A.B. asks: 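Here it is, the structure, as structure tokens.
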Amino acid sequence: MKLKQLESSLQQVEGFERPKLLLEQYPTSPHIAACMLYTIHTTFDDIENKLVADLGCGCGVLSIGAAMLNAGLCLGVDIDEDALGIFNRNAEEFDLANVDMVQYDVCSKQTDNLSKKFDTVIMNPPFGTKHNKGIDMIFLKSALDMARTAVYSLHKTATREHINKKADEWKVKMEVIAELRYDLPATYKFHKRKSIDIEVDFIRFSAK
């Protein structure tokens, strides 16, 4: 499947109906999702026939994209029942047999039973703003515990130095694959502008 085909298909994925501020529910654009997944697939071969987890999957755009790139199985994980309901509708619409979802709190830190159960973990975690300071690192630590091969994640470029220190502390290799402009639409009432560009790093984490 070509990159443009993937992006075009992901434009059909239904997004959040009523995004929840506390969960930092912002959509991953079809463009960013497609670029992430296509790179993971073509450069690193970490999707096809692999067991993939998508943490904080929301409405499932990354999971559905991974399934379309022939993941063995992609399991979407999210705390929010409403988002998973939309994800379920999306999965049915695309008629995919290799995608599933589970309601689970990534921040519960009870990931022992999921330790090293997945080849690859993909995610666009909460950035840890407002009331959620540090949640991005909780997501990353959980992902690293769950992945056998690699974790692919988006993080604010401004936090790169901090994440680098954490990667050293956790003895994992961190590789910034791309610097992206994340166009954040005005999702909530307090947003004054129609959209805002945030600089984000697309990072691959793997064992040293």
Side-chain angles (χ1 to χ4, degrees), residues 20-29 32-33 35-37 39-41 43-47 50-58 61-63 65-66 74-80 83 102 104-184 196-208:
K20 295 169 186 170
L21 177 61
L22 281 173
L23 297 178
E24 287 192 59
Q25 288 179 335
Y26 298 101
T28 307
S29 74
I32 284 184
C35 288
M36 282 176 72
L37 293 165
T39 303
I40 297 167
H41 176 55
T43 306
F44 300 98
D45 192 24
D46 278 336
I47 292 182
K50 301 289 196 291
L51 187 54
V52 180
D54 173 12
L55 299 193
C57 61
V61 67
L62 288 174
S63 291
C74 187
L75 180 69
V77 179
D78 206 284
I79 193 174
D80 183 30
V102 64
Y104 186 80
D105 181 5
V106 174
C107 298
S108 69
K109 299 185 181 174
Q110 310 222 328
T111 51
D112 292 356
N113 56 335
L114 296 173
S115 180
K116 306 302 175 199
K117 287 283 194 293
F118 298 90
D119 298 302
T120 308
V121 177
I122 55 177
M123 60 179 186
N124 178 12
F127 288 141
T129 51
K130 300 285 172 197
H131 316 283
N132 288 335
K133 199 163 170 55
I135 196 171
D136 52 339
M137 292 297 97
I138 293 170
F139 264 72
L140 181 55
K141 187 72 176 74
S142 295
L144 289 166
D145 288 344
M146 292 163 68
R148 285 192 288 259
T149 304
V151 172
Y152 295 87
S153 186
L154 293 177
H155 296 274
K156 279 186 176 177
T157 302
T159 63
R160 188 188 296 175
E161 198 178 320
H162 173 62
I163 293 170
N164 216 343
K165 281 182 188 162
K166 282 290 182 189
D168 283 346
E169 189 185 309
W170 295 334
K171 295 182 173 51
V172 294
K173 182 184 170 191
M174 169 182 158
E175 180 184 355
V176 178
I177 300 168
E179 294 178 28
L180 306 169
R181 308 286 299 184
Y182 192 100
D183 182 33
L184 204 60
I196 183 168
D197 263 357
I198 296 176
E199 291 181 344
V200 296
D201 289 343
F202 175 34
I203 307 177
R204 182 182 198 261
F205 300 90
S206 56
K208 273 188 172 173

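Values reported hereafter were calculated over all heavy atoms of this structure, with side chains retained and with hydrogens, waters and symmetry mates removed. Since this is a predicted model, take the numbers as computed values, not measurements. Heads up: numbering here begins at 1 and tracks the sequence.
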A.B. asks: Measure the spacing between OG1 of T149 and CG of L51 and express it to the nearest 0.5 Å.
C.D. replies: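 Rounded to the nearest 0.5 Å, the OG1-CG separation comes out at 10.5 Å.
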A.B. asks: Are the side chains of L154 and I32 in contact, using a 4.5 Å heavy-atom criterion?
C.D. replies: yes
A.B. asks: Between T39, D46, T120, which is the residue that forms a side chain to side chain donor-acceptor pair (under 3.5 Å) with Y152?
C.D. replies: D46
A.B. asks: Got a second to check how far L140's CG is from D145's CG, nearest 0.5 Å?
C.D. replies: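 Rounded to the nearest 0.5 Å, the CG-CG separation comes out at 9.5 Å.
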A.B. asks: Can you tell me how far apart CD1 (I40) and CG (D45) are? Round to the nearest 0.5 Å.
C.D. replies: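 Nearest 0.5 Å value for the CD1-CG distance: 11.5 Å.
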A.B. asks: Any side-chain heavy atom of P125 sitting closer than 4.5 Å to one from M137?
C.D. replies: no
A.B. asks: Measure across S63 and C57 and return the closest heavy-atom pair with its distance rounded to 0.1 Å.
C.D. replies: OG-CB, 4.2 Å
A.B. asks: Report yes if the side chains of M146 and V151 come closer than 4.5 Å at any heavy-atom pair, otherwise no.
C.D. replies: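 Of all side-chain heavy-atom pairs linking V151 with M146, none is under 4.5 Å.
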A.B. asks: Nearest 0.5 angstrom please: L75 CG to K117 NZ, how far?
C.D. replies: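 One finds 12.5 Å between CG of L75 and NZ of K117.
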A.B. asks: Closest approach of V61 and L37, non-hydrogen atoms and distance?
C.D. replies: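 Looking at all heavy atoms of both residues, the shortest contact is O-CD1, 4.4 Å.
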A.B. asks: Going from CD1 on I47 to CG on D119, what distance comes out if it is rounded to the nearest 0.5 angstrom?
C.D. replies: 11.5 Å
A.B. asks: Testing the basics here: between D105 and I79, what is the closest heavy-atom pair and its distance to 0.1 Å?
C.D. replies: CG-CD1, 3.7 Å
A.B. asks: With a cut-off of 3.5 Å and sequence neighbours excluded, list every side-chain donor-acceptor pair involving residues 158-171.
C.D. replies:
unit_1 : atom_1 : unit_2 : atom_2 : d
T159   : OG1    : K156   : O      : 2.6
R160   : NE     : D201   : OD2    : 2.6
R160   : NH2    : E179   : OE2    : 3.2
R160   : NH2    : D201   : OD1    : 2.9
R160   : NH2    : D201   : OD2    : 3.4

A.B. asks: Taking everything shown except K116 itself, do over 12 heavy atoms lie less than 6.0 Å from its NZ?
C.D. replies: yes
A.B. asks: How far does CZ of F44 sit from OG of S206, to the nearest 0.5 angstrom?
C.D. replies: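 It is 8.5 Å, given to the nearest 0.5 Å.
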A.B. asks: Determine whether M123 and M36 make a side-chain contact, defined as any pair of heavy atoms from C-beta on separated by less than 4.5 Å.
C.D. replies: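 A side-chain contact is absent here, since even the closest heavy-atom pair is not under 4.5 Å.
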